Number of protein chains: 2
Amino acid sequence: MRRDELLDAAECLLEDQGSQGLTLAAVAERAGVSKGGLLYHFSGKEALIKAMIERLIGEFDAMIEAQHESTYTRAYLKATFEAIETGRLRRWAVVTGAAGDPALLAPLREAMARWHRHGLDDEPHPQTSQIVRLACEGVWEVATHCPAIVDYGAVRQGLLALL
Amino acid sequence: MRRDELLDAAECLLEDQGSQGLTLAAVAERAGVSKGGLLYHFSGKEALIKAMIERLIGEFDAMIEAQHESTYTRAYLKATFEAIETGRLRRWAVVTGAAGDPALLAPLREAMARWHRHGLDDEPHPQTSQIVRLACEGVWEVATHCPAIVDYGAVRQGLLALL
DNA sequence: GCTACTTAACCGTCCAGCCGGTACAGTAAC
DNA sequence: GTTACTGTACCGGCTGGACGGTTAAGTAGC
């Protein structure tokens, strides 16, 4: 689908130029398409960003699901490190790009609430599980901004040991 | 100093309108100053954002220092929750605003590296300390986007218990 | 000839930065 | 004590350029 290629181009752009660089013309050019062509698929810039966010959330939820681990926390943990190690994390630069309009972050807030609460009380050690999930969030954040300062393998082992 | 009032105005604006709302005219108006007056203090928009970031980093470093705890991790932990509970965290919406130009995030990356590495190997349990710091980062992130989904008191107790 | 898709040219808006101007507080020479 | 000069703080109109979005005119496949 051409739509996905356009979203890919937009993600690349965001990653190495920041939200400043995310203009319709730039996205179109990187995707090898004209501006009109881009607007054929997305009604406007807002729709483009919204689509990026929804794709990312869907993708990560699918990764969690695909782990079929014994607990949601374990699945979330594995998905997090898998995303980081397979470079999929780069895509999340979108978040920074969407920050221009707080309303666009609403779906993300909703997803975050799900990731941090889903099935928490049904797990063996809710408190520990919550901390592990928060630590994952932290790893994610650090990996986004300065990937080099953490030994991911060691941290993952440490977190698994806690559970 | 008038300079600080201008930075305050910019922070407020970023918080409730996103980076989109951060225009020189808007900042000036909120601070009760003309655009020319604003530009007298900051050579341009970039300088304004840079100043905001530097002020925030300095502020947080000062908070860590002020804890004079036995370990950096404990101080970092206490500073994090203090920042959240005193509402100081709201200021960090700047980060989203600065994302327009990745270069502006460089000082933040540097600070983050410091917060996650400083004195880590000299602490009793480096591995656990690192996880606690990462969890703090996660708490921070969650508090920024959806403050309501975490019981901060409980999480802080849990983290202190780990150390 | 209809649908899916693409193109280039164009418009209106918005904004950052510039610049000429104002007010005022020193201060120093006479 | 008044005049002339200087530096600091602040003002607001202007402009050039960039960007989002529109439109009218294609093109290719079926």
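Computed from a prediction, not measured in an experiment: that's the story for all the values here. Chain naming here is simple, since letters A, B, ... match the order of the sequence lines and numbering starts at 1 in each.
- Using a 4.0 Å heavy-atom criterion, one finds that A/Gly37 contacts the bases of the nucleic acid, with or without backbone contacts as well.
- Under 4.0 angstrom from either OP1 or OP2 of C/dA4 there lies no side-chain N or O belonging to A/His41.
- Note: CG (B/Leu22) to C1' (C/dG17) measures 15 Å, nearest angstrom.
- C/dA16 atom P lies 11 Å from atom CD of B/Gln20, rounded to whole Å.
- Comparing D/dC11, D/dG20, C/dT6 by their closest approach to the side chain of A/Leu24 singles out D/dG20.
- Counting any heavy atom pair closer than 4.0 Å across all strands shown, A/Thr23 reaches sugar-phosphate atoms only and no base atom.
- Atoms CD (B/Gln17) and P (C/dC14) sit 14 Å apart, rounded to a whole Å.
- Side chain of B/Tyr40, nearest nucleotide from D/dA9, C/dG17, D/dG12: D/dA9.
- B/His118 and B/Tyr72 have tilted rings, their planes meeting at an angle from 30° to 60° on a 0 to 90° scale.
- Contacts of A/Gly36 with the nucleic acid, taken as non-hydrogen atoms under 4.0 Å apart, include base atoms.
- For the pair B/Glu29 CD and C/dC15 C1', the interatomic distance rounds to 15 Å; values are reported in whole Å.
- Distance A/Leu48 CG to D/dC19 C1': 14 Å, rounded to the nearest Å.
- In this structure, the CZ atom of B/Arg3 is 12 Å from the P atom of D/dA9, given to the nearest Å.
- Checked by distance alone, B/Lys45 brings no side-chain donor or acceptor within 3.5 Å of a matching partner on the base of C/dG17.
- Contact detail for B/Lys45 and B/Leu22: the closest heavy-atom pair is NZ-O, 2.7 Å.
- Going from atom CG of B/Leu38 over to atom C1' of C/dC15 covers 13 Å, rounded to whole Å.
- Atom CG in A/Leu39 sits roughly 19 Å away from atom P in D/dA25 (whole-Å rounding).
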Check the pair A/Leu104 / A/Lys50 against side-chain contact (heavy atoms from CB on, under 4.5 Å), numbers first and verdict last. CA-CA 6 Å; A/Leu104 288 170; A/Lys50 194 160 169 247; 4.3 Å; yes

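- Aromatic ring pairs are classed by plane angle as parallel below 30°, tilted from 30° to 60° and perpendicular above 60°; the pair B/Phe60 and B/Trp115 is perpendicular.
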Quick one: do A/Glu11 and A/Asp8 satisfy side-chain contact (heavy atoms from CB on, under 4.5 Å)? Show the steps, please. CA-CA 5 Å; A/Glu11 280 171 0; A/Asp8 290 342; 4.1 Å; yes

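- Taking the side chain of A/Lys35 as heavy atoms from C-beta on, and the options C/dC10, D/dC11, C/dC18, the nearest nucleotide is C/dC10.
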